[in-house]
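We name chains A, B, ... by the order of the sequence lines, and we start the count at 1 in each one. Computed from heavy atoms alone, side chains included, the values below leave out hydrogens, waters and symmetry copies.
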Amino acid sequence: MTRYARTFAALLAPVVGKPVEEVLSGIGKPPKPELGHFAYACFPLAKERKTAPPKIAAEIAEAVAASMDGGGALRDVKAVGPYVNVFVDGRTAAREILPDALTRGADFGCSQQGGGAAVPVDFSSPNIAKPFGIHHLRSTVIGHALVRMLAAAGYRPIGINHIGDWGTQFGQLLAIWEMEGDEERLRSEGIHYLLELYVDFNKRLEDQPELRDVARERFRRLESGDAECRRLWSLFREASLAEFNRVYALLGIAFDDTKGESFYEDLMAPVLEELAAKDLLRESEDATLVELGDEDLGTALVKKRDGSTLYLTRDLAAADYRWRTYHFDRALYVVGGAQSLHFAQMKRVLELLGREWHERVIHTPFGMMRFTDRKMSTRKGDIIYLEEVLERAVELARETIEAGTRDKDRGLPDDLDTCAHRIGVGAVVFNDLKNRRVRDVTFNWDDVLNFEGETGPYLQYTAARIASMGDKLGRPITAQVDFATLDGPGETQLLLAIDGLEAALLRGVEASEPSYVADQLLEIAQRFSTLYARRDWKVISADDGLSDARMLLATATRQALLNGLGWLGIEVPDRM
RNA sequence: GCGCCCGUAGCUCAGUUGGAUAGAGCAUCGGUUUCCUAAACCGGAGGUCGCAGGUUCAAUUCCUGCCGGGCGCGCCA
């Protein structure tokens, strides 16, 4: 949807005698652009007035047409059956949208809607002592996209990496370490060695179920401050962070705040005390829990039998900390849908504690990453490393560029490494973001390494072609053009797609849904490509005025792609 | 068993708060390059929108019940 839907609504409102917002919600898009760019359905009015819809449509169309002065952005209002349809005047749209895109540059499509409100976004949050697998991709890229989208929409996002560096898993590592730990190997092999230990632990567990208790005991020991346990924990932590940071560097992701769960160690006691003081705790089989008063939510365990803490306990402490630190407008948790119950419980406990802001805590779930060919199990060491996926994508991009330069008799780009990196990573990231986040995704090398069709490289390619036209034109791009030359239906549809970027951003921010932006970008690229491929539609021609006008349109297209891809965390190469 | 999520073309998915003949990409078939980058474009074929009811002038969209898949349901995170 674009600004012109509102223009249309404003025109209709006095005629139908309803507020603009209500009219706006009744405006849609006709199935075919030949019918018009916007449509207003008259069925609800027909019911109120007990008159046939086509008759009302005809009356409204006539009244609206009479009230238009002719020089506005809309034209040709007419009734089509029960609908009032209208066209956007391409010339006016071009004059209003294109100079805006040129002037605002990286700011085009952005909004001030957020008013600087703080929004902590908890994402990625890998567990230490487990490698960064492909299944971590989802939280990482969705969260990163949301951070950038929020910033573009005028919010003040805080990207938080809530590293899983506390809990029984460390008890497990400490337990196995006593049996076969080797500091030399940890130093040289890093996280791969930790994975080996983790797998070994689970293997031994089959014959020695008592190891589970040993692990719990070791975690308790860690939590009570045992020096050797602390020292080893610190080693594991460093080894893992080194790997994580390599992957974040590949993806171009930086966090505003990286705090392990361990950070909240001292903040849990106050929460537990407050729960006790408010008489919300209950002992059950020597463990401590909170009664939630809701059958569907069950009960929430906050302390184990041995007195050590749980995930939920730390998340409660973290929520309090984030509120005190940021006074957030909302706090997002980009965590898999499997943990819906955990977050529902957490919100409920916050509510019971009287945190009036508990409604602002929002779980932003996403579907699972699964695998077709076989069941993947980290416990058995069966894992696809995200780093490997990214590297293979970059390698394939490099081969594709090299093949392209041979076929097209062009030189390799100077910055081949940068190009290949952006394309490969862009393909992987866009592939994850293009679908609605709640859907499960099946990992498939062919999909991830596909560069054709609705993919990141397709969008980058569209932008790259425009960039090279800019070079070829050889003169500055100007907004002083004859907009009348951009009046064709193809141009107008492209303009409306470009103008729709801001709405897609706001809708995406509202729903925490990066795919809305991804969709809009595809529409922009497709509409441009359709024009571009036409033999009778060359940007650069002997007609300088026409060339300048079309180049301005192309430049706005590229700016929209650049900005939108930037929000998704995808960089665009200059050449492909 | 209970709760949450999902079910649209052979495959992967859109479908903007119910509205006009349900749209893309991949795959498939056919076409486009004396070159503004074919990682592209155009066209063909392909769908009882899981099933059955209900609400409505109108349901892929809302409600109920089934069926199918996924996830979760106290001492992992």
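The side chain of A:Asn435 lies closest to B:rC13, out of B:rA77, B:rU56, B:rC13. Listed nucleotides: B:rC13, B:rU21, B:rA39. Nearest to the side chain of A:Lys32: B:rU21. Ranking B:rA20, B:rU37, B:rC71 by closeness to the A:Met576 side chain, first place goes to B:rU37. Distances from the side chain of A:Met368 to the nucleotides B:rG70, B:rA20, B:rA40 place B:rG70 closest. When distances run from any side-chain atom of A:Ser468 to the nucleotides B:rA77, B:rU37, B:rA39, the shortest one goes to B:rU37. Ranking B:rA77, B:rA38, B:rC5 by closeness to the A:Val438 side chain, first place goes to B:rC5. Ranking B:rC57, B:rA39, B:rC76 by closeness to the A:Lys47 side chain, first place goes to B:rC57. Checking B:rU56, B:rC75, B:rG3 against every side-chain atom of A:Asp296, the shortest atom distance belongs to B:rG3. Nearest nucleotide to the A:Arg575 side chain, out of B:rG15, B:rU37, B:rA20: B:rU37.
Side-chain nitrogen and oxygen atoms of A:Lys472 include none within less than 4.0 Å of the OP1 or OP2 phosphate oxygen of B:rC36. Dashed line: the shortest gap from a side-chain N or O of A:Tyr461 to OP1 or OP2 of B:rA39 is under 4.0 Å. The side chain of A:Ser340 contributes no N or O atom lying less than 4.0 Å from OP1 or OP2 of B:rC4. Phosphate contact (OP1/OP2 of B:rA77, side-chain N/O of A:Lys130, threshold under 4.0 Å): absent. The side chain of A:Tyr198 places no N or O atom within less than 4.0 Å of a non-bridging phosphate oxygen (OP1 or OP2) of B:rA77. The phosphate of B:rA14 has OP1 or OP2 within less than 4.0 Å of a side-chain N or O from A:Arg439. A:Arg534 has no side-chain polar atom (N or O) that falls below the 4.0 Å cut-off from OP1 or OP2 of B:rC42.
For the side-chain contact (heavy atoms from CB on, under 4.5 Å) test, residues two or more places apart in sequence or in another chain that qualify with A:Phe87 are A:His37, A:Arg75, A:Asp76, A:Lys78. When the salt bridge (charged side-chain N to carboxylate O under 4.0 Å, His left out) test is applied to A:Asp286, no partner is found at least two apart in sequence or on another chain. Taking A:Glu491 as the reference, nothing meets the salt bridge (charged side-chain N to carboxylate O under 4.0 Å, His left out) condition, with sequence neighbours excluded. With sequence neighbours left out, the salt bridge (charged side-chain N to carboxylate O under 4.0 Å, His left out) criterion links A:Arg221 to A:Glu217. The salt bridge (charged side-chain N to carboxylate O under 4.0 Å, His left out) check on A:Arg535 picks up nothing, with sequence neighbours excluded. Among residues two or more places apart in sequence or in another chain, the ring pair (Phe, Tyr, Trp, His ring centres under 6.0 Å) test is passed with A:Phe430 by none. Partners of A:Phe528 according to the ring pair (Phe, Tyr, Trp, His ring centres under 6.0 Å) rule, which considers only residues two or more places apart in sequence or in another chain, are A:Tyr532.
As a whole-Å value, the separation of A:Leu494 CG from B:rC41 C1' is 15 Å.
The pair A:Glu48-A:Lys18 meets the salt-bridge criterion, since a charged nitrogen lies less than 4.0 angstrom from a carboxylate oxygen. Ion pairing of A:Asp306 with A:Arg220 is absent here, as no side-chain N (NZ or NE/NH1/NH2) approaches a carboxylate O to less than 4.0 Å.
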Show each protein N/O and nucleotides 30-34 of chain B N/O combination with a separation under 3.5 Å, one pair to a line.
residue	atom	partner	partner atom	Å
B:rU32	O3'	A:Arg535	NH2	3.4
B:rU33	OP1	A:Arg535	NH2	3.1

Show me the protein contacts with nucleotides 62-65 of chain B, counting only N or O atoms at under 3.5 Å.
none

Scan nucleotides 23-26 of chain B against the protein and return all N/O pairs shorter than 3.5 Å with their distances rounded to 0.1 Å.
residue	atom	partner	partner atom	Å
B:rA24	O2'	A:Glu454	OE2	2.4
B:rG25	O4'	A:Glu454	OE1	3.4
B:rG25	O4'	A:Glu454	OE2	3.3
B:rG25	O2'	A:Glu454	N	3.3

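Rounding to the nearest 0.5 Å places CG of A:Asp499 at 9.5 Å from CD1 of A:Ile524.
Between A:Phe170 and A:Phe236, the two ring planes are parallel [angle under 30°; tilted spans 30° to 60°]. Ring geometry for A:Trp233 versus A:Trp166: interplanar angle over 60°, hence perpendicular rather than tilted (30 to 60°).
Between the side chains of A:Gln339 and A:Tyr311, a donor-acceptor pair is found at a separation under 3.5 Å. Of the N and O atoms on the side chains of A:Arg216 and A:Ser308, not one donor lies less than 3.5 Å from an acceptor on the other residue. A donor and an acceptor atom, one from each side chain of A:Asp165 and A:Ser262, are located under 3.5 Å apart.
Using a 4.0 Å heavy-atom criterion, one finds that A:Ala39 contacts the bases of the nucleic acid, with or without backbone contacts as well. Using a 4.0 Å heavy-atom distance criterion, A:Gly167 is classed as a sugar-phosphate-only contact. Within the 4.0 angstrom heavy-atom criterion, only backbone atoms of the sugar-phosphate kind lie near A:Ala338; the bases stay farther away. Heavy atoms of A:Pro44 sit under 4.0 angstrom from at least one base atom. Note on A:Leu473: nothing from the nucleic acid sits closer than 4.0 angstrom, heavy atoms only. Counting any heavy atom pair closer than 4.0 Å across all strands shown, A:Asp165 reaches no nucleic acid atom. Nucleic acid contact for A:Ala300: none, since no nucleic acid atom lies under 4.0 Å from a heavy atom of the residue. Residue A:Ile423 is classed as a base contact, given a heavy-atom separation below 4.0 Å to a base. Contacts of A:Ile540 with the nucleic acid, taken as non-hydrogen atoms under 4.0 Å apart, include base atoms. Contacts of A:Tyr458 with the nucleic acid, taken as non-hydrogen atoms under 4.0 Å apart, involve only primed sugar atoms and P, OP1 or OP2. Residue-level contact check: A:Glu261 touches the backbone only, with heavy atoms under 4.0 Å from sugar-phosphate atoms and none from bases.
Residue pairs meeting the ring pair (Phe, Tyr, Trp, His ring centres under 6.0 Å) criterion with at least one member in residues 281-300 of chain A, sequence neighbours excluded, do not occur.
For A:Leu312 and A:Trp537, each mapped to the nucleotide of RNA chain B holding its nearest heavy atom, the one lying further toward the 5' end belongs to A:Trp537. Taking the nucleotide of RNA chain B with the nearest heavy atom to each of A:Arg437 and A:Leu35, the more 5' of the two is matched to A:Arg437.
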Inset, instruction - Using Watson-Crick or G-U wobble pairs with both distances under 3.5 Å, give me RNA chain B in dot-bracket, 5' to 3', with [ ] for crossers and | for pairs to another strand. - result: (((((((..((((.....[...)))).(((((.......))))).....(((((..]....))))))))))))....

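Using P as the reference atom, B:rG31 and B:rG10 are 25 Å apart when rounded to the nearest Å. Look at the P atom in both B:rU48 and B:rC67: the space between them is 24 Å, to the nearest Å. Distance check on atom P: B:rC2 versus B:rG46 gives 43 Å, rounded to whole Å. Nucleotides B:rU60 and B:rG7 have their P atoms positioned 15 Å apart, rounded to a whole Å.
Between the side-chain ring of A:Tyr532 and the base of B:rC36, a stacking contact exists by the 5.5 Å and 30° definition.
For A:Phe343 and A:Tyr333, the distance between ring centers is under 6.0 angstrom.
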